[in-house]
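All of these numbers come straight from a predicted model, not from anything done at the bench.
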Amino acid sequence: MTDKTRVRFAPSPTGHLHIGGARTALFNWLYARHLDGTFILRIEDTDRSRSTEEFIAAIIEGMKWLGLDWDEGPFRQTDRFDIYRRYAERLIREGKAYYCYCTAEELEARRKEAMEQGKSPKYDGRCRHLKEPPGGRSGAVRFMMPQSGHTVVDDLIRGKVVFENSQLDDLIILRSDSTPTYNLTVVVDDVDMKITHIVRGDDHLNNTPKQIQLYQAFGYEVPEFAHLPMILGSDKTRLSKRHGATSVLAYREMGYLPEALLNYLVRLGWSHGDQEIFTRDELIRHFSFDSVGKAAAVFNPEKLLWLNSQYMMNTSPDVLAEMVMPFLIGEEIVSEGEQIDREWLARAIDTLKERSKTLVDLAKSLRYYISIDVKYDQKAKDKFLNEKTLPYLGDLRHRLDTLNEFSHAALEQLFRSVTETHGIKLGALAQPVRVAVTGGAESPGIFDVLEVLGKEKTLKKLDNAMRMIETSQGSTR
RNA sequence: GUCCCCAUCGUCUAGCCCGGCCUAGGACAUCGCCCUUUCAAGGCGGUAACGCGGGUUCGAAUCCCGCUGGGGACGCCA
């Protein structure tokens, strides 16, 4: 029996699930699914002052929205403090860790001084061989790092990375309040949860030799590592709020499809030839660390938007009809609890989906199909709804009245006959009608719009537009 | 400052490991044209990159060294 691949995503709940975290989660998930392994979700909430329940909930919601399902967990490190303490005590007992009584302030001051003198801000190890604990202080526990030789990180993406042990710090594994710190908890958990591959951001590469030393001190086998390149903002610095939305759920609110976000994220650092668009199954089938790049990538919202529009186009109108509902309510186009004929909505969406980049765009365009009242665009109104176009509109409205089959073909035929009568081009009639029913100068094909709208709504909108022209004429003259 | 990582169009990337097929391919964005009742979508085409300097070699985007540039880490954060 071969050991099953086990990977984990281990966010700390000090913020929302962000773009970078989501990409890390995605690569872990993909790797697990590709190898039919196990994907574990673990919440690293040992920093109690900054971790919140809200963020835990938000991270879980983000994961669910993206469809990154986990097989075990979510585990919480705060539930496991006893385990970490036991491991730390074992290290002390074996002489591999010791109490340090320096205060945080002293440490901070020494670090600062070292930096100013251009020296490495490394802990000097002064408490290593302390015989008598100074009174009145509770100590933190430090792991005794070897100070000679070197530690090699054999990374699936970067290859072999060598660190001199002399530059490794005696890191704190237990705070003076006896709560464990990150470097201890990751190692203990990864051992305990039998993690075979640690897939995480590049920013952890420097922590890796320290953790390897910890594995070795415990006598455990070191897992495989894969350090993913960072995602940067447009100015090539670490992606942050000032670069725009970074929270995954913010993209949900902006009307992005989870599949599109995932597809965008996967191509940040990973590729499969020239292919840009992948189904989930294709991703799972093709994913490999061999095709993950080493260089950091700049997050490009425009390409994400393009991908989203591609996904919108390729999603069936029925599915979009369900997905757009919250946005219709959000835009106050439909009120909560109001019933909307889904079949009709799907037909309306079918005309709109290839010109909507997001679900928000789609919802906004749907407004003119759903409500009778039209919000006229001022420029379009001035240009197309005036005394010059009024006769065409009037004639059309009159003939529309007698049309009993409100279909694309019948409408087209009728429009043609109106334009012939007046000796005008189709655009000269279509544009005024477009503005009358949609309020703007841009929309799907006019026959499609009217067909979806139906006779009743069309006539009402036409009447309203004509009345508006007449009254504004009266008021300005 | 010290350590670590990285380096192909503005951006994401293919090619690099196993030198010649590279006059460097694709995608986003951008520009132009076509289609057209408007706007999209779509089609066609254009602009645009191997950071620099040394090697190695008949031959280097591809291998080696240096430089430069960028990023990350250096917490009783994770």
Undergrad: On a whole-Å scale, what distance lies between the P atoms belonging to B:rC44 and B:rG51?
TA: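 It comes out at 31 Å once rounded to the nearest Å.
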
Undergrad: To the side chain of A:Trp306, which of B:rU37, B:rC5, B:rA27 is closest?
TA: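 Given the options B:rU37, B:rC5, B:rA27, the side chain of A:Trp306 is closest to B:rA27.
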
Undergrad: Nearest whole Å is fine: how far is B:rC17 P from A:Ile157 CD1?
TA: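 About 20 Å, once rounded to whole Å.
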
Undergrad: Taking only the side-chain nitrogens and oxygens of A:Arg200, find out if one of them lies under 4.0 Å from OP1 or OP2 of B:rA73.
TA: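 Indeed not, no polar side-chain atom of A:Arg200 lies that close.
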
Undergrad: Map A:Asn300 and A:Thr14 onto RNA chain B by nearest heavy atom, then report which one ends up closer to the 5' terminus.
TA: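 Closer to the 5' end of RNA chain B: A:Asn300.
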
Undergrad: Is A:Arg50 near enough to B:rG75 that one of its side-chain N or O atoms lies under 4.0 angstrom from OP1 or OP2?
TA: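 Looking at the OP1 and OP2 atoms of B:rG75, neither is under 4.0 Å from any side-chain N or O of A:Arg50.
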
Undergrad: Write down the distance between NE2 (A:His243) and C1' (B:rU11), rounded to a whole number of angstrom.
TA: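 After rounding, the reported distance stands at 14 Å.
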
Undergrad: Indicate, with a heavy-atom threshold strictly under 4.0 Å, whether A:Ser176 touches base, sugar-phosphate, or nothing.
TA: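 Here A:Ser176 touches the bases of the nucleic acid.
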
Undergrad: Counting any heavy atom closer than 4.0 Å, what does A:Val162 reach on the DNA or RNA strands: base, sugar-phosphate only, or nothing?
TA: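 Sugar-phosphate contact only - A:Val162 comes under 4.0 Å of backbone atoms but never of a base.
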
Undergrad: Applying a 4.0 Å non-hydrogen cut-off, can you work out what A:Leu268 is touching in the nucleic acid: base, sugar-phosphate, or nothing?
TA: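 Sugar-phosphate, no base atom in range.
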
Undergrad: What contact category does A:Pro209 fall into here, base, sugar-phosphate, or nothing, at under 4.0 angstrom with non-hydrogen atoms?
TA: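 Nothing: the residue A:Pro209, judged by heavy atoms under 4.0 Å, touches no strand.
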
Undergrad: Taking a pair as Watson-Crick or G-U wobble with both distances under 3.5 Å, which nucleotide is matched to B:rC58?
TA: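 Across any shown strand, B:rC58 pairs with B:rG20.
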
Undergrad: Hey, which of A:Trp270, A:Tyr311, A:Phe287 is the one that makes ring-ring contact (aromatic ring centres under 6.0 Å, His included) with A:Phe278?
TA: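 So the option named by the test is A:Trp270.
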
Undergrad: Would you mind telling me which of B:rA78, B:rC6, B:rU11 lies closest to the side-chain atoms of A:Arg158?
TA: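 Of B:rA78, B:rC6, B:rU11, B:rC6 is nearest to the side chain of A:Arg158.
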
Undergrad: If I take atom CZ in residue A:Phe278 and atom P in nucleotide B:rA27, what distance separates them, rounded to the nearest angstrom?
TA: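 Spelled out: CZ on A:Phe278 to P on B:rA27 is 14 Å.
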
Undergrad: If you check every side-chain atom of A:Lys294, which of B:rA78, B:rC6, B:rA29 has the closest atom?
TA: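 Nearest nucleotide to the side chain: B:rC6.
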
Undergrad: Whole Å only: how far is the CD1 atom of A:Ile231 from the C1' atom of B:rU11?
TA: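 About 14 Å, once rounded to whole Å.
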
Undergrad: Hey, would you say the A:Phe39 and A:Phe9 ring centroids sit under 6.0 Å apart?
TA: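 No, they do not, as the ring centres are separated by 6.0 Å or more.
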
Undergrad: Have a look at A:Phe447 and say if it touches a base, only the backbone sugar-phosphate, or nothing, with a 4.0 Å heavy-atom cut-off.
TA: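 Answer is base: heavy atoms of A:Phe447 come under 4.0 Å of a base.
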
Undergrad: If the test is side-chain hydrogen bond (donor to acceptor under 3.5 Å, both in side chains), which one of A:Lys210, A:Gln211, A:Gln213 qualifies with A:Asn183?
TA: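 With A:Asn183 as partner, A:Lys210, A:Gln211, A:Gln213 yield a single side-chain hydrogen bond (donor to acceptor under 3.5 Å, both in side chains), made by A:Gln211.
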
Undergrad: Could you work out which one of B:rA14, B:rC12, B:rC76 sits closest to the side chain of A:Ser271?
TA: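 From the listed options, B:rA14 comes nearest.
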
Undergrad: What is the base-pairing partner of B:rC35, counting Watson-Crick and G-U wobble geometry with both distances under 3.5 Å?
TA: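 Pairing partner: none.
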
Undergrad: Find the partner of B:rG51: check Watson-Crick (N1-N3 plus N6-O4 or O6-N4) and G-U wobble (N1-O2, O6-N3) distances, both under 3.5 Å, and reply none if neither fits.
TA: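 Pairing partner, where one exists within any strand: B:rC67.
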
Undergrad: Within the 4.0 Å heavy-atom criterion, would you say A:Cys102 contacts the bases, only the backbone, or no part of the nucleic acid?
TA: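 If one applies the 4.0 Å heavy-atom cut-off, A:Cys102 turns out to touch a base.
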
Undergrad: Determine the contact category for A:Leu107: base if any of its heavy atoms lies under 4.0 Å from a base atom, sugar-phosphate if only primed atoms, P, OP1 or OP2 are that close, otherwise nothing.
TA: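 The answer is base, as A:Leu107 lies within the cut-off (heavy atoms under 4.0 Å) of a base atom.
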
Undergrad: Under 30°, 30 to 60°, or over 60°: which ring-plane class applies to A:His204 and A:Tyr182, parallel, tilted or perpendicular?
TA: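 A:His204 vs A:Tyr182 ring planes: tilted.
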
Undergrad: Across the strands shown, which category fits A:Asp45 at heavy-atom distances under 4.0 angstrom: base, sugar-phosphate, nothing?
TA: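 Nothing, no nucleic acid heavy atom in range.
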
Undergrad: Have a look at A:Thr237 and say if it touches a base, only the backbone sugar-phosphate, or nothing, with a 4.0 Å heavy-atom cut-off.
TA: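 Sugar-phosphate, no base atom in range.
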
Undergrad: Measure from OH on A:Tyr369 to C1' on B:rC39 and round the result to the nearest Å.
TA: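 One finds 12 Å between C1' of B:rC39 and OH of A:Tyr369, rounded.
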
Undergrad: Apply the side-chain contact (heavy atoms from CB on, under 4.5 Å) test between A:Arg158 and each candidate in A:Asp154, A:Asp155, A:Leu156; give the one that qualifies.
TA: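 Answer after filtering A:Asp154, A:Asp155, A:Leu156: A:Asp155.
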
Undergrad: Using only side-chain N and O atoms of A:Lys236, determine if any of them is under 4.0 Å from OP1 or OP2 of B:rU11.
TA: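 Indeed, a polar side-chain atom of A:Lys236 lies that close.
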
Undergrad: Would you classify A:Thr46 as touching base, sugar-phosphate or nothing, given that sugar-phosphate means primed atoms plus P, OP1 and OP2, and contacts are heavy atoms under 4.0 Å?
TA: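 Sugar-phosphate only.
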
Undergrad: With hydrogens left out and only the distance checked, is there a donor-acceptor pair under 3.5 Å joining A:Asp202's side chain and the base of B:rA73?
TA: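 Between B:rA73 and A:Asp202, which were checked side chain against base, a qualifying N/O pair under 3.5 Å is absent.
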
Undergrad: Taking N and O atoms by type only, does the side chain of A:Arg355 place a donor or acceptor under 3.5 Å from a partner on the base of B:rC39?
TA: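 Under the 3.5 Å cut-off, the side chain and the base do form a donor-acceptor pair.
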
Undergrad: Determine whether the aromatic ring centres of residues A:Phe27 and A:Phe289 are separated by less than 6.0 angstrom.
TA: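 No.
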
Undergrad: Please measure how far the C1' atom in B:rA24 lies from the corresponding atom in B:rC65, and state the result in whole Å.
TA: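 Nearest-Å result for B:rA24 against B:rC65 at atom C1': 25 Å.
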
Undergrad: Which base, if any, makes a Watson-Crick or G-U wobble pair with B:rA73, both distances under 3.5 Å?
TA: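 By the stated definition (distances under 3.5 Å), B:rU2 pairs with B:rA73.
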
Undergrad: Side-chain N or O of A:Gln167 less than 4.0 angstrom from OP1 or OP2 on B:rG1?
TA: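 The answer is no; no side-chain N or O of A:Gln167 sits under 4.0 Å from OP1 or OP2.
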
Undergrad: How do A:Cys100 and A:Glu442 order along RNA chain B: which one's closest nucleotide is nearer the 5' end?
TA: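 Its nearest nucleotide being more 5', the pick is A:Glu442.
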
Undergrad: Which is true for A:Gly445 with a 4.0 Å heavy-atom rule: it touches a base, it touches only sugar-phosphate, or it touches nothing?
TA: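 A:Gly445: base contact, heavy atoms under 4.0 Å.
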
Undergrad: Whether A:Arg434 contacts B:rU37 is assessed here as follows: a side-chain N or O lying under 4.0 Å from the phosphate OP1 or OP2. Is that the case?
TA: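 Negative; the distance criterion is not met.
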
Undergrad: Check whether the side chain of A:Glu276 and the base of B:rG26 form a donor-acceptor pair under 3.5 Å.
TA: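 Per atom types, the contact qualifies.
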
Undergrad: Is any side-chain N or O of A:Ser120 under 3.5 Å from a base N or O of B:rC74, one able to act as donor and the other as acceptor?
TA: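 No, no donor-acceptor pair under 3.5 Å.
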
Undergrad: What nucleic acid atoms does A:Leu205 come within less than 4.0 Å of, heavy atoms only: base, sugar-phosphate, or nothing?
TA: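 Contact class for A:Leu205: sugar-phosphate only.
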
Undergrad: Check step by step if ring pair (Phe, Tyr, Trp, His ring centres under 6.0 Å) holds for A:Tyr264 and A:Phe299.
TA: CA-CA 9 Å; A:Tyr264 177 71; A:Phe299 182 77; 5.4 Å; yes

Undergrad: How long is the line joining CG of A:Asp377 and P of B:rC39, in whole Å?
TA: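 Checked: the CG to P distance equals 14 Å.
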
Undergrad: Distance check needed: B:rU37 P versus A:His422 NE2, whole Å only.
TA: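 About 19 Å, once rounded to whole Å.
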
Undergrad: Going by modelled atom types, is there a donor-acceptor pair between the base of B:rG25 and the side chain of A:Asp274 at under 3.5 Å?
TA: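 Flag set: donor-acceptor pair detected.
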
Undergrad: Strictly by Watson-Crick or wobble contacts shorter than 3.5 Å, is anything paired with B:rU11, and which nucleotide is it?
TA: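 Its partner is B:rA27 (Watson-Crick or G-U wobble, both distances under 3.5 Å).
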
Undergrad: So if I take every side-chain heavy atom of A:Ala295 and compare against B:rG71, B:rC6, B:rC28, which nucleotide ends up nearest?
TA: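 So the nucleotide nearest the side chain must be B:rC6.
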
Undergrad: Between atom CG of A:Leu265 and atom CG of A:Asn263, what is the distance when rounded to the nearest 0.5 Å?
TA: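 So the CG of A:Leu265 and the CG of A:Asn263 are separated by 9.5 Å.
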
Undergrad: Of the nucleotides B:rC12, B:rC5, B:rC74, which has the atom closest to the A:Val161 side chain?
TA: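 The answer is B:rC5.
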
Undergrad: Between A:His16 and A:Phe55, is the ring centroid distance below 6.0 Å?
TA: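 Close enough - the centres of the two rings lie under 6.0 Å apart.
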
Undergrad: Is there a Watson-Crick or G-U wobble partner for B:rA40 with both distances under 3.5 Å, and which nucleotide is it?
TA: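 Pairing partner: none.
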
Undergrad: Assign A:Glu412 to base, sugar-phosphate, or nothing according to its heavy-atom contacts below 4.0 angstrom with the strands shown.
TA: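 Since no nucleic acid heavy atom lies under 4.0 Å of A:Glu412, the category is nothing.
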
Undergrad: Choosing from B:rA78, B:rC3, B:rC74, which nucleotide comes nearest the side chain of A:Pro121?
TA: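 For A:Pro121, the side-chain atoms sit closest to B:rC74.
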
Undergrad: Using the ring of each side chain (for Trp, its six-membered ring), is A:His286 parallel, tilted or perpendicular to A:His272, with breaks at 30° and 60°?
TA: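 Because their plane-to-plane angle is under 30°, the rings of A:His286 and A:His272 count as parallel.
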
Undergrad: Categorize A:His204 for me: base, sugar-phosphate, or nothing, with a 4.0 angstrom heavy-atom threshold over every strand shown.
TA: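 Result for A:His204 = base.
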
Undergrad: Do the side-chain N or O atoms of A:Thr181 get closer than 4.0 angstrom to the phosphate oxygens (OP1, OP2) of B:rC76?
TA: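 Checking B:rC76 against A:Thr181, no side-chain N or O comes under 4.0 Å of OP1 or OP2.
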
Undergrad: Would you kindly give the CE-to-C1' distance between A:Met230 and B:rC12, to the nearest whole Å?
TA: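 The distance from CE of A:Met230 to C1' of B:rC12 comes to 17 Å, rounded to the nearest Å.
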
